[in-house]
Participant: 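What follows is a single structure, and I will ask about it in a moment.
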Amino acid sequence: MTTPIAPDSAPATTAPTATPVIMDGPGFGPGAAGGERYRSPLLDGLNPQQREAVEYRGPALLIIAGAGSGKTSVLTRRIASLLETREAWPSQILAITFTNKAAAEMRDRVRAILGQGADGMWISTFHSSCVRILRREAEKAGLTSTFSIYDSADTKVTLKRIIKSLDADTLGFTPGNVSARISKLKNELADVDSYARNANMSDPQEVMFVEIFRQYTSRLRAASALDFDDLIGETVYLFRAFPAVAALYRRRFRHLLVDEYQDTNHAQYALVRELTRPVSRELAEEMEADGVHVRNLRDATGAIPGASLTVVGDSDQSIYAFRGADTRNISEFERDFPGTKVILLEQNYRSTQNILSAANAVIGHNFDRKEKKLWSAGGDGEKIVGYTAYSGHDEAQFVADEIAVLHQAGMAYRDMAVFYRTNAQTRALEEILVRAAVPYRVVGGTKFYERAEIKDALAYLISVANPVDELALRRILNTPKRGIGPATETQLASFAEANQITFRQAMRNAGALGLGPKVTGAILALSTLLDEAALKLDPASPASPAGPANVSELLTFLLDGSTLLAGLRNSRDPQDEARAENIEELVAQTKDFNRENPDSGLVDFLTQVSLVAAADDLDDASGTVSLMTLHTAKGLEYEAVFLTGVEEGLLPHQMSAGEPGGPAEERRLFYVGITRARQRLYLSLAMTRAQFGDINVAMPSRYLQEIPVDLIDWKQSPGMANSRGGTQPRALNARRDGFGGGFGKRDGTPPGLPPAPKPKTEWANRVTGTVRDNGDLTLAAGDRIRHVDFGDGRVNQVTGDGAKRIAHVQFDTAGAKKLLIKIAPIEKL
DNA sequence: CGTACATCTGTTTTT
DNA sequence: CAGATGTACG
């Protein structure tokens, strides 16, 4: 386990309200920025476009940065340049990234250039920045400053309760589809009221949805909680409702830089807009009167001009449309921000030309995009390696074997990565990698903070930090078991409801409910525990003579008092052992947190925990192969990349087929995967894949044929169906045997694809001749067969029927295997 | 109220 | 196949 990276490990800067920034520092003012041509080492090694991206000054700058074009370097040097020339103080810079990891990396790199001079910048994610602002301005936003942050699981639990209480499941409402719908609305900055105004209220579905949405909103309010989407939306609402508050931040952040701009949704766009608006003369004067220093910022009209905005993005890498990301933010940027300067970075410093040519060819199939061609001066490099496996396991074996070969040749494990479309694909990969003794780690996946026991422990902390959070309270009510069942829970809830008090208050008054003495005692004991914990945080309390308790002391106190940890330790369930260890890991993390953030408290810890992302816990120092989804791979790079499961139904994924723009987004995902590779790229697919218990026949992805043939060296090709331009394509393509059909649906010949390359007979024969012709082959127990790889064997049993007949074969030398008769490379003897 | 078992789901990507 | 949910019983 790694320690999560602090979203904002820079020393907490004080609120702009409290510390007016002094604007007349050395070098600030006319003459400092422009003038004589001082050549800073910041520009060393940059190409002319990159240099311009660092040096350009103006209201708005759009950097279209292709994959691997050195955008992080450009962004960090741009920040460093602003600071070094004293055009800006660190506190005037707000840099927004997509993940905490990217934020941490950027801060480190700026710090490497400037040292202490970098302290005080805000470099964080959209979500972290908004939480920081909202906690400061909580009362204005109608929240407590200790508001909870609900993750999608919390949202679903809340919705589930609402749906149940409304019997809305009969109308087809599920927590999943409702949360997706609400999220989509919030991304568009809609709330219940604005939605209800335009809703068709004669439709009972619609009425019900509005009711669910309304209750969800009020429950979150009552719990002083915000969901992920609220973090952005509420900040925008805050700025719009309180121009004076907005003015403080507009005055403060003079330079706004946004990374991965193609992934911003409408709410995030609105936030950027709000932050970069000018401050009117009237407001500026008010601020001046309130003692906020703004004189140096004001222009001739007396207003404070809007902050300068730099965005970096690449619409070809937009892979979050499903989550509301809108590439119009980038394509219409020039119109939104007049006077924009556009700089294109096309030279790639990461990958070989072969890899880039493949990437260009693939992404070229998306229409409505700005033409952009990545190129490299680094030479062609090795060919891309292709491999068609019989099964997911076979594919995993190929990956494991090739990893071994690369490792033998001197490549470190940490320089290799395996990508896949869905998390479910890890199973087969992990099985084989463990057997092959390849050290690996799954990045993302089941996240540490999503484990039930960790959520339990955190719920104790949340209950102390935010006592009105009913969700957290109800989670710990009977964890560990105290004999407080659902019936009692409901009674407490209705008691609270009836008396207009919080759930927490109801717990304190448990004696008034007329419950059994045991249950009442249990509730009161928990209630007392939480009260005592809260006292420990209060500096004025006699319970904390040595000052308020820190997070780890508090957590330890709660774990001891609740016997949560002890209960797991004493359990005879072997799984509880691991759970106890996880909780101890959490305690260790709180200690790390105390050490690294001595001035931060409970709420800061909880915030950090709520906002860690999958890619954040990536530990670069570990000498292991990284396994991750294509989505988490964005922004990363490896010497060798294995892109697995390049099949129809998986990439593009089945679910995306119906969505407008789905296949195009999946293509970008494939493109992102390809462009992560520096030296070696492996594309693999499986002809059959075990899914939901049984085996399905898969077809090669349509994207594969978009890559020019001569770039791929097929160790084992998908067969004649894929031997484009092969000698006998027509007859073979006509065959409907699971593979031929997939490539029949070509919608056009990609440009630059050689019309008739030499057929790759050696593999074409092998695969097509032996693999695909088994349609009519019947096997029975007792038959002897010969397998291309496994040799001779005896059929023990045949199961399944039709296309899914499976032979259970005992091979003489290779052991027992199950083979899909239709496509296995076998012959009857 | 808690446990054990049976049944029935649903399966994309994530701040 | 596995996780979640529902049911029956102690």
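Each chain gets a letter, A, B and so on, in the order its sequence line appears, and its residues count up from 1. In what follows, every heavy atom counts, from backbone to side chain, and hydrogens, waters and symmetry copies are set aside.
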Participant: Under a plain distance cut-off of 3.5 Å, with no hydrogens placed, do A:Tyr249 and A:Glu137 share a side-chain donor-acceptor pair?
Facilitator: yes

Participant: Does a side-chain N or O from A:Thr629 land closer than 4.0 Å to OP1 or OP2 of B:dT14, or not?
Facilitator: yes

Participant: Using whole Å, what does the distance between atom P of nucleotide B:dT14 and atom CG of A:Asn187 come to?
Facilitator: 16 Å

Participant: Whether the side chain of A:Asn478 engages the backbone of A:Arg482 through a donor-acceptor N/O pair (distance < 3.5 Å, no angle test) should be reported.
Facilitator: yes

Participant: Rounding to a whole Å, what distance do you find between A:Asp227:CG and B:dT14:C1'?
Facilitator: 14 Å

Participant: Please determine if a side-chain N or O atom of A:Asn478 lies less than 4.0 Å away from the OP1 or OP2 oxygen of B:dC1.
Facilitator: no

Participant: Heavy atoms under 4.0 Å, any strand shown: does A:Ser152 hit a base, just sugar-phosphate, or nothing?
Facilitator: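 Counting heavy atoms under 4.0 Å across all strands, no contact is made by A:Ser152.
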
Participant: Work out how far the C1' atom of B:dT13 is from that of C:dA4, and round it to whole angstrom.
Facilitator: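 Those two atoms are separated by 22 Å.
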
Participant: Rounded to the nearest Å, what distance is computed from the CD1 atom of residue A:Ile319 to the P atom of nucleotide B:dT14?
Facilitator: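 Computing the A:Ile319:CD1 to B:dT14:P distance gives 9 Å.
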
Participant: Give a yes/no on whether any side-chain N or O of A:Arg427 is located under 4.0 angstrom from OP1 or OP2 of C:dA2.
Facilitator: yes

Participant: Please confirm whether the shortest side-chain N or O distance from A:Thr422 to OP1 or OP2 of B:dT11 is below 4.0 Å.
Facilitator: no

Participant: In whole Å, I'd like the distance from the CD atom of A:Gln262 to the C1' atom of B:dT13.
Facilitator: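 Answer to the nearest Å: 15 Å.
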
Participant: Go nucleotide by nucleotide along DNA chain B from the 5' end; which of A:Leu669 and A:Lys481 gets its closest nucleotide reached first?
Facilitator: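 In this pair, the answer is A:Lys481.
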
Participant: Return the value, rounded to whole Å, for the distance between atom CG of A:Asn177 and atom P of B:dG10.
Facilitator: 11 Å

Participant: Whole-Å distance between B:dT14 P and A:Phe322 CZ?
Facilitator: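 Rounded to whole Å, this separation is 7 Å.
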
Participant: Within the structure, does a side-chain N or O atom of A:Asn423 lie under 4.0 Å from either OP1 or OP2 of B:dT13?
Facilitator: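 True: A:Asn423 side-chain N/O within range (under 4.0 Å) of B:dT13 OP1/OP2.
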
Participant: Can you work out whether A:His653 or A:Glu489 has the more 5'-proximal nearest nucleotide on DNA chain B?
Facilitator: A:Glu489

Participant: Hey, what's the ring geometry for A:Phe670 with A:Tyr703, parallel, tilted or perpendicular (30° and 60° as the breaks)?
Facilitator: parallel

Participant: Does this structure show an ion pair linking A:Lys71 with A:Asp259, if we count only N-O contacts that are shorter than 4.0 Å?
Facilitator: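 So A:Lys71 pairs with A:Asp259 through a salt bridge.
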
Participant: Grab the NE2-P distance between A:His631 and B:dT13 for me, whole Å please.
Facilitator: 9 Å

Participant: Mind checking if A:Ala487 touches a base, just sugar-phosphate, or nothing, with heavy atoms under 4.0 Å?
Facilitator: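 Here A:Ala487 touches the backbone only, sparing every base.
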
Participant: For A:Glu188, check side chain to side chain contact (heavy atoms under 4.5 Å, CB included) against everything at least two apart and list the hits.
Facilitator: A:His266

Participant: Report which part of the nucleic acid A:Phe126 touches: base, sugar-phosphate, or nothing (heavy-atom distance under 4.0 Å, all strands).
Facilitator: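 No contact at all - A:Phe126 keeps every heavy atom at 4.0 Å or more from the nucleic acid.
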
Participant: Return the value, rounded to whole Å, for the distance between atom OH of A:Tyr320 and atom P of B:dT15.
Facilitator: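 In whole Å, B:dT15 P and A:Tyr320 OH are 6 Å from each other.
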
